[in-house]
Structure formats: structure tokens, C-alpha cells
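Have a look at the structure below, then the notes.
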Amino acid sequence: VLYLGVFNYEKGVQEIVKAFSFIKEKNIKLEILGDDGTFLYNYSNFYKRILYFKQIKVIKDSRKLITELNKKGIQINIRGVQNNVNKWYENADIVVFPVKKVHQARPVYEAGRYALPVIVPDYENFEGSVTDGENGLVYQKGNARDLADKITRLAGDRRLREYLGGKNKIKTLKYHE
């Protein structure tokens with residue numbers, strides 16, 4: 001499972017990590033790409049720590065849960081900022097975009113370029129990009145257990161992944177250059 005985004009609340013890192021706490025299958029692994037938030041977490045300036053309190057808490061809580069899950073055999077890898085994400089898309093089976101607020105659907109199109117299915121929350125702005133069961137799966141926003149169920153469903157069904165990924169590629173090529 002591929003997650004591209006920074007370690008922050010709006011991008012949904014906490015939700016994807018929490019979803020993995022509900023996944024029982026040990027063969028499903030999560031690759032986290034993007035800024036790991038170290039620069040925020042390491043702020044020593046009191047005012048900046050107050051200003052970024054919410055983000056720092058998300059980073060701290062997410063890292064703690066990742067450590068706990070990895071100790072239990074769940075595979076969550078923090079890969080950091082990447083200059084070229086092509087190899088990650090080429091080796092992924094599923095792309096998850098668990099944003100916490102309305103956001104541009106760029107990862108949906110990037111996943112489509114590589115014929116990958118995508119899982120997104122049920123925000124109205126994704127309706128034109130992802131149709132549940134057609135080119136990806138949609139989960140109830142804020143519901144990490146529902147996200148875990150969708151990940152588990154796709155991870156266990158290669159034919160469904162290929163079908164949704166193929167449809168995502170067609171939709172991407174039709175509407176995005």
C-alpha cells in the first residue's frame with residue numbers, strides 16, 4: 001500500500017496508520033513517502049511549538065503507533081522525501097489518499113497512470129475522479145476501520161485490483177494529460 005504525503009493531519013497520515021492497527025494480515029505493508037515532519041517535531045522555539053502543536057502531536061502519535069505496530073509484525077516503512085516516485089508506483093498494488101479535508105485528487109491521477117486502484121474518503125469533490133467499485137474504493141471519511149476493510153479487501157483480491165486499476169488508467173488518460 002502506497003501513501004504519498006507529508007506527516008500531517010490534513011494529508012491523513014494518522015488515519016492510514018490507525019487503519020493498519022485494524023489490519024490482521026501480516027503480508028500487507030505500508031510505504032509512507034514524503035516529508036516525515038522531523039523539522040516540526042524538532043522545533044525548540046516555544047512559540048513555534050505552540051503554533052504547530054496539532055501537527056507535532058500528529059507526528060508524535062503517528063510515529064509512536066508505527067513503532068508499536070512494527071513490533072507486532074505489521075510492516076510500515078517511512079521512506080521520506082523521494083526525488084523520483086516512479087519506482088514506488090511501479091511496485092505498489094494500491095494507493096491510499098486518506099485526506100482529512102477537501103483536496104485536489106492528484107494521487108488518484110498518478111495512480112491511474114500506473115493502472116493502480118485508489119482508496120479515497122467520501123468527499124464530494126472526489127466523485128468526478130473516483131467512482132466506488134469502478135476505478136477505486138471509497139471509504140467513510142474519518143473511519144479508520146472502514147479504510148482498513150477497503151485495504152484488506154483490495155489486498156486480498158488481485159483481480160479486483162487489476163480491474164479497478166485498469167479502469168483508473170482509462171479514466172485518467174481520458175480526462176488528464
Applying ring-ring contact (aromatic ring centres under 6.0 Å, His included), which residue pairs with at least one partner in residues 140-171 are found, sequence neighbours left out? none
Pairs satisfying side chain to side chain donor-acceptor pair (under 3.5 Å), at least one member in [range], at least two apart:
range            : answer
residues 68-82   : Glu31-Asn77, Glu31-Arg79, Gln82-Trp88
residues 131-143 : Glu15-Tyr139, Thr131-Lys171, Asn135-Asn168, Gln140-Asn143
residues 114-128 : Asn86-Tyr114

Measuring only between side-chain heavy atoms, which start at C-beta, is [X] closer than 4.5 Å to [Y]?
X      : Y      : answer
Leu147 : Pro98  : yes
Val120 : Val108 : yes
Arg63  : Phe7   : yes
Lys29  : Val1   : no
Ile32  : Ile66  : yes
Leu30  : Tyr3   : yes
Ser21  : Leu69  : yes
Ile151 : Val96  : yes

With sequence neighbours left out, the residues meeting ring-ring contact (aromatic ring centres under 6.0 Å, His included) with Phe20 are none
In terms of heavy-atom contacts, does CZ of Phe22 have more than 12 from other residues, nucleotides or ligands at under 6.0 Å? yes
Kindly give the heavy-atom pair with the smallest separation between [X] and [Y], and that separation in Å.
X      : Y      : value
Ala19  : Ala144 : CB-O, 3.4 Å
Gly136 : Leu164 : N-CD2, 3.8 Å
Gly112 : Thr172 : CA-OG1, 3.4 Å
Ile23  : Ala148 : CG1-CB, 3.8 Å
Phe126 : Pro121 : CD1-O, 3.3 Å
Ile94  : Ala155 : CD1-N, 3.7 Å

Quick one: side chain to side chain donor-acceptor pair (under 3.5 Å) partners of [X], sequence neighbours excluded?
X     : value
Ser62 : none
Tyr89 : Glu110
Glu25 : none

With sequence neighbours left out, what residues match [X] under salt bridge (Lys or Arg N to Asp or Glu O under 4.0 Å)?
X      : value
Asp146 : Lys150
Arg153 : none
Lys11  : none

As a quick check of understanding, evaluate side chain to side chain contact (heavy atoms under 4.5 Å, CB included) for Glu10 and Val99, giving each step before the final call. CA-CA 6 Å; Glu10 287 81 15; Val99 292; over 6 Å; no
Pairing residues for Arg159 by the side chain to side chain contact (heavy atoms under 4.5 Å, CB included) criterion, not counting sequence neighbours: Asp157
